[in-house]
Trainee: 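Attaching a single structure in structure tokens format; questions to follow.
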Amino acid sequence: MNATVEALRKASLLGPLDEHCARTVCRIAGEPHPDVLLAAAVAARQVGLGHVCVDLRMLAASGRLVADDGVTVHDVAWPDPAGWIDRLQRSSAVGEPSDAERRPLVLDRAGRLYLRRYFEHEQRLAASIVRRATAHATSPADHELETALDRLFGLTSAASPDRQRDAARTAVTRRLCIISGGPGTGKTSTVVKILALLVEQHLVAQRRPPRVLLVAPTGKAAMRLSEAIRRAKSGLDCGEDVRAAIPEEASTVHRALGSIDGKGTRFRHDADHPLRADVVLVDEASMVDLALMARLVDAVPPDARLVLLGDKDQLASVEAGAVLGELCALPDGSAATAAHPLGSAIVELERSWRYREGSGIEALARAINAADATRVLEILDDPAFDDVERSAPGDGVALSERLRGDALRGALAYLDRPEPAARLQALEEFRILCAHRAGPHGVASANREVEELLADRRRIDRQHGATYAGRPLIITRNDYQVQLFNGDVGTIVAQGDKRLAFFVAPDGTERLLSPARLPPHETVFAMTIHKSQGSEFDHVAVLLGDRSSPLLTRELLYTAVTRARRKVTLYATEAVLREAIQRRTERGSGLRDALKGAS
């Protein structure tokens with residue numbers, strides 16, 4: 001098809017909001033040319049798909065566009081890229097990066113087109129990150145610091161370096177520390193020791209303990225961070241006064257910043273009204289999108305320490321941007337080195353302590369990251385790895401017979417718990433993770449089939465519709481008034497004739513709300529792999545299906561596998577697995593170039 005706004009809209013490749021945004025931009029700018037309208041609409045669409053910008057040359061060269069379902073691929077005849085870029089450069093709607101008029105669209109030298117606010121988020125974040133990476137913090141004398149590190153981490157040698165110790169040294173001596181590592185590599189235990197070092201440093205100098213702000217992108221991730229710090233600090237080799245000064249309570253990023261407009265676009269804290277903190281620690285940083293990360297970093301006081309904690313190999317955020325992954329890579333895509341402005345601020349933890357010796361989950365995750373599809377299939381077929389396996393997906397249905405059995409057992413274990421808090425804990429024993437939302441192997445179909453299994457056995461009564469007692473819920477949109485956020489999980493409970501939604505807040509407080517007050521939500525016997533980030537389950541059933549899709553990528557598969565504590569079952573054909581492992585997640589962005597330019 002020829003690329004026009006009308007043609008793309010008819011093919012459902014543009015949403016109404018994408019078209020409305022583009023037409024508004026062109027109308028205000030007095031821009032009549034259809035190629036400019038097309039570029040603006042595609043730029044808006046790409047943001048909705050997680051891209052910060054659209055690379056016009058790459059788009060035109062590909063000749064394709066993937067539908068929102070992530071499966072359907074359309075052949076598109078785009079305008080000639082040279083002429084298209086030339087037309088945009090002459091448009092009254094498009095400005096250059098240094099444009100003082102702040103036109104609504106920005107075209108950079110690489111041919112990337114941005115909605116202006118995302119360009120500004122990217123530039124501001126890059127400048128702030130580089131500034132922090134090159135700034136040193138007040139720290140103890142070298143011999144004092146090494147003595148404290150010996151006590152907390154034990155003695156080390158040149159032949160066996162301790163990356164956790166390196167991370168702690170970086171966090172104490174610099175304003176910025178980025179710690180990346182897979183599951184079980186000791187990120188949280190390292191952070192607790194970092195906090196102990198900083199508290200000791202203040203107490204020795206007879207100063208008040210540092211004000212530490214612990215944040216995570218979702219309520220669930222914040223709860224897990226609080227629990228992990230509470231457990232880890234009890235075993236520290238430090239004084240009771242130090243232990244008592246290490247905070248345990250974490251909040252969501254949104255809650256810490258304080259929403260003003262209820263939409264998460266304006267906050268009480270910003271560069272002019274910074275957070276009251278000496279240390280800001282962000283867990284699950286891979287889930288934080290560009291806009292939110294830029295606003296958070298803006299609000300961190302210039303003299304405060306910023307610690308970003310996450311797994312660079314995980315999926316990027318659902319919203320636009322892949323900030324952590326790009327921070328952990330040089331502009332040419334190689335591993336960070338000290339020669340790069342961020343190199344000295346980045347520490348990658350590699351050794352996993354979570355899985356037992358000979359763990360199939362760990363071996364599988366490493367093989368996926370290495371893009372070794374043959375090794376992945378060998379591991380799945382090897383009976384020596386009893387914690388990972390592959391099974392055939394259902395034929396025309398979401399759940400195969402085997403998966404139906406596992407799903408029913410998991411749902412019954414959840415419903416058998418009498419107390420709602422215990423039910424939510426049981427819900428973490430088993431979860432179906434889907435690559436897609438729609439389609440025969442998508443979330444909607446999987447949840448519907450589980451509910452049908454339970455209704456047939458009279459374990460749920462669906463006469464109350466979406467508020468049946470026992471329905472597990474996941475919030476899908478932030479609501480600042482109700483203080484429920486995307487990814488929060490709850491359950492419907494019966495109190496007489498009433499139905500109430502039960503949630504546990506990050507601080508452990510139990511909440512009961514009318515279902516009518518809930519923000520958008522859905523059933524969560526199954527969930528997308530994207531939504532599973534920041535969560536862990538004993539056993540995950542990963543439903544990829546029998547059809548290839550551009551959504552199936554190495555990062556998606558790695559994220560799904562590493563949600564499991566004890567067992568992974570992959571429901572996919574060999575062909576689908578091989579293609580997924582070879583396909584990388586690509587996010588349109590200029591952050592790496594911006595970081596290089598800011599150095």
Trainee: If we ignore angles and hydrogens, is there a donor and acceptor under 3.5 Å between the side chains of Thr569 and Glu389?
Mentor: yes

Trainee: If you compare all heavy atoms of Ala228 against all heavy atoms of Thr188, which two are closest, and at what distance to 0.1 Å?
Mentor: CB-CG2, 3.4 Å

Trainee: Does one side chain, of Ser589 or Glu122, offer a donor that lies under 3.5 Å from an acceptor on the other?
Mentor: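 The criterion, which ignores hydrogens and geometry beyond distance, is satisfied for Glu122 and Ser589.
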
Trainee: State which residues pass side-chain contact (heavy atoms from CB on, under 4.5 Å) with Thr4; sequence neighbours excluded, sorted by chain then number.
Mentor: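 side-chain contact (heavy atoms from CB on, under 4.5 Å) check on Thr4 returns Glu6, Ala7.
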
Trainee: Give a yes or no on whether the backbone of Gly181 and the side-chain of Lys187 come within a donor-acceptor separation of less than 3.5 Å.
Mentor: yes

Trainee: Can you tell me if Ser62 uses its side chain to pair, donor with acceptor, with the backbone of Leu59 under 3.5 Å?
Mentor: yes

Trainee: For a side-chain hydrogen bond (donor to acceptor under 3.5 Å, both in side chains) with Asn486, tell me which candidate from Lys531, His254, Arg477 qualifies.
Mentor: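 Single side-chain hydrogen bond (donor to acceptor under 3.5 Å, both in side chains) partner of Asn486 among Lys531, His254, Arg477: Lys531.
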
Trainee: Only counting residues at least two apart or in another chain, list the ones meeting salt bridge (charged side-chain N to carboxylate O under 4.0 Å, His left out) with Arg499.
Mentor: none

Trainee: Any donor-acceptor pair under 3.5 Å linking the side chain of Ser286 with the backbone of Gln314?
Mentor: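 Checked: no pair found.
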
Trainee: Kindly give the heavy-atom pair with the smallest separation between Ala22 and Ala41, and that separation in Å.
Mentor: CB-N, 3.4 Å

Trainee: Got a salt bridge between Glu284 and Arg224, using NZ or NE/NH1/NH2 to carboxylate O under 4.0 Å?
Mentor: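 Result for this pair is yes, salt bridge flagged.
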
Trainee: Go through the structure and list residues passing salt bridge (charged side-chain N to carboxylate O under 4.0 Å, His left out) with Arg112, not counting sequence neighbours.
Mentor: Asp108, Asp593

Trainee: When rounded to the nearest 0.5 angstrom, what is the spacing between CG in Leu595 and CD in Glu326?
Mentor: 8.0 Å

Trainee: Could you list the residues that satisfy side-chain contact (heavy atoms from CB on, under 4.5 Å) with Pro79, not counting sequence neighbours?
Mentor: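 Scan of Pro79 (side-chain contact (heavy atoms from CB on, under 4.5 Å), adjacent residues dropped) gives Ala3, Asp35, Leu38, Trp84.
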
Trainee: Which heavy atom of Pro519 sits nearest a heavy atom of Leu484, and at what distance?
Mentor: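 Residues Pro519 and Leu484, closest heavy atoms: CD-CD1, 4.0 Å.
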
Trainee: Would a distance-only check, ignoring hydrogens and angles, find a side-chain to backbone donor-acceptor pair under 3.5 Å from Arg566 to Asp538?
Mentor: no

Trainee: Quick one: sort the Phe525 and Tyr414 rings into parallel, tilted or perpendicular, breaks at 30° and 60°.
Mentor: perpendicular

Trainee: Under the salt bridge (charged side-chain N to carboxylate O under 4.0 Å, His left out) test, which residues partner Arg9, sequence neighbours left out?
Mentor: Glu19

Trainee: Could you tell me whether the side chain of Arg563 and the main chain of Ser535 form a donor-acceptor pair under 3.5 Å?
Mentor: yes

Trainee: Considering residues at least two apart in sequence or located in another chain, which fulfil the side-chain contact (heavy atoms from CB on, under 4.5 Å) criterion with Glu319?
Mentor: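 Glu319: side-chain contact (heavy atoms from CB on, under 4.5 Å) contacts with Asp289.
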
Trainee: Salt bridge (charged side-chain N to carboxylate O under 4.0 Å, His left out) with Asp313: which residues, sequence neighbours excluded?
Mentor: none

Trainee: How far apart are the closest heavy atoms of Cys328 and Lys312, and which atoms are they?
Mentor: CB-CD, 3.7 Å

Trainee: Could you tell me which residues satisfy ring pair (Phe, Tyr, Trp, His ring centres under 6.0 Å) with Tyr571, sequence neighbours excluded, listed by chain and number?
Mentor: none

Trainee: Looking only at non-hydrogen atoms, find the nearest pair between Arg57 and Ala110 and report the distance.
Mentor: NH1-O, 2.9 Å

Trainee: Check for a donor-acceptor pair, side chain of Arg295 on one end and backbone N or O of His121 on the other, with a separation under 3.5 Å.
Mentor: no

Trainee: Could you work out, with side chain to side chain donor-acceptor pair (under 3.5 Å) as the rule, every residue matching Asp80, not counting sequence neighbours?
Mentor: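 Once residues adjacent in sequence are excluded, Asp80 has no partner under the side chain to side chain donor-acceptor pair (under 3.5 Å) criterion.
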
Trainee: Mind checking whether Val288 and Leu296 have side chains closer than 4.5 Å, heavy atoms only?
Mentor: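 Counting from C-beta outward, Val288 and Leu296 never come under 4.5 Å.
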
Trainee: With no hydrogens and no angle check, is any side-chain donor or acceptor of Asp283 less than 3.5 Å from a backbone partner on Leu225?
Mentor: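 No, because the side chain of Asp283 does not come within donor-acceptor range (under 3.5 Å) of the backbone of Leu225.
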
Trainee: Considering only heavy atoms from C-beta outward, does the side chain of Pro393 approach that of Thr573 to under 4.5 Å?
Mentor: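 Yes, at least one pair of side-chain atoms sits under 4.5 Å.
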
Trainee: Within the 4.5 Å heavy-atom criterion, are Leu556 and Thr585 side-chain neighbours or not?
Mentor: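 Result no, sub-4.5 Å side-chain heavy-atom pair not found.
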
Trainee: Can you tell me how far CG of Leu552 sits from CZ of Arg578, rounded to the nearest 0.5 angstrom?
Mentor: 15.5 Å

Trainee: Can a salt bridge be assigned to the pair Arg587 and Glu555 using a cut-off of 4.0 Å between side-chain N and carboxylate O?
Mentor: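 Answer for the salt bridge query: no.
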
Trainee: Is it true that a side-chain atom of His51 and a backbone atom of Gly588 form a donor plus acceptor pair closer than 3.5 Å?
Mentor: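 Confirmed, His51 side chain pairs with Gly588 backbone.
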
Trainee: What pairs with His521 under ring pair (Phe, Tyr, Trp, His ring centres under 6.0 Å), at least two apart in sequence or on another chain?
Mentor: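 Partners of His521 by the ring pair (Phe, Tyr, Trp, His ring centres under 6.0 Å) criterion come out as none, since no residue qualifies.
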
Trainee: Going through the checks in order, is the side chain to side chain contact (heavy atoms under 4.5 Å, CB included) test met by Val54 and Val47?
Mentor: CA-CA 8 Å; Val54 55; Val47 167; over 6 Å; no

Trainee: Counting C-beta onward and ignoring hydrogens, is there a side-chain heavy-atom pair between Ser391 and Leu403 closer than 4.5 Å?
Mentor: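 In short, these two side chains do not touch, never coming nearer than 4.5 Å.
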
Trainee: Take Leu364 and Leu380 through the side chain to side chain contact (heavy atoms under 4.5 Å, CB included) test and state the conclusion after the steps.
Mentor: CA-CA 8 Å; Leu364 187 61; Leu380 290 169; 4.0 Å; yes

Trainee: Among pairs that include at least one residue of residues 513-527, which meet salt bridge (charged side-chain N to carboxylate O under 4.0 Å, His left out), considering only residues two or more places apart or in two chains?
Mentor: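 Listed by first then second residue: Arg437-Glu522.
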
Trainee: Between atom CZ of Arg404 and atom CD of Glu449, what is the distance when rounded to the nearest 0.5 Å?
Mentor: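 Here the interatomic distance stands at 6.0 Å.
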
Trainee: Does any non-hydrogen side-chain atom of Leu473 lie less than 4.5 Å from one of Ile475?
Mentor: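 Counting from C-beta outward, Ile475 and Leu473 never come under 4.5 Å.
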
Trainee: Taking the side chain as C-beta and beyond, is there a heavy-atom pair between Thr562 and Val568 under 4.5 Å?
Mentor: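 Thr562 does not reach Val568 side chain to side chain.
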
Trainee: Might you point out which heavy atoms bring Ala526 and Val443 nearest each other, and give the distance in Å?
Mentor: O-CG1, 3.8 Å

Trainee: CG of Leu315 to NE2 of His530: how many Å apart, nearest 0.5 Å?
Mentor: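 Going from the CG atom of Leu315 to the NE2 atom of His530 covers 4.5 Å.
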
Trainee: Could you pull out all residues at least two apart from Arg511 that satisfy side chain to side chain donor-acceptor pair (under 3.5 Å)?
Mentor: none

Trainee: Would Thr523 and Val450 count as a side chain to side chain contact (heavy atoms under 4.5 Å, CB included) here? Give the steps.
Mentor: CA-CA 10 Å; Thr523 306; Val450 175; over 6 Å; no

Trainee: Assess whether side chain to side chain contact (heavy atoms under 4.5 Å, CB included) is satisfied between Leu56 and Val42, documenting all intermediate values.
Mentor: CA-CA 10 Å; Leu56 297 174; Val42 173; 5.9 Å; no

Trainee: Going by an N to O cut-off under 4.0 Å, is there a salt bridge joining Glu378 and Arg375?
Mentor: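 Here Glu378 pairs with Arg375 in a salt bridge, since their nearest N and O are under 4.0 Å apart.
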
Trainee: CG of Asp311 to CG of Leu324: how many Å apart, nearest 0.5 Å?
Mentor: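 Nearest 0.5 Å value for the CG-CG distance: 8.0 Å.
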
Trainee: Would a distance-only check, ignoring hydrogens and angles, find a side-chain to backbone donor-acceptor pair under 3.5 Å from Arg584 to Arg554?
Mentor: no

Trainee: Taking the side chain as C-beta and beyond, is there a heavy-atom pair between Leu113 and Cys53 under 4.5 Å?
Mentor: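 With C-beta onward as the side chain, the pair stays apart.
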
Trainee: State whether the side chain of Lys567 and the backbone N or O of Asp386 hold a donor-acceptor pair below 3.5 Å, judged by distance alone.
Mentor: no

Trainee: Got a second to check how far Arg45's CZ is from Leu8's CG, nearest 0.5 Å?
Mentor: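 Here the interatomic distance stands at 8.0 Å.
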
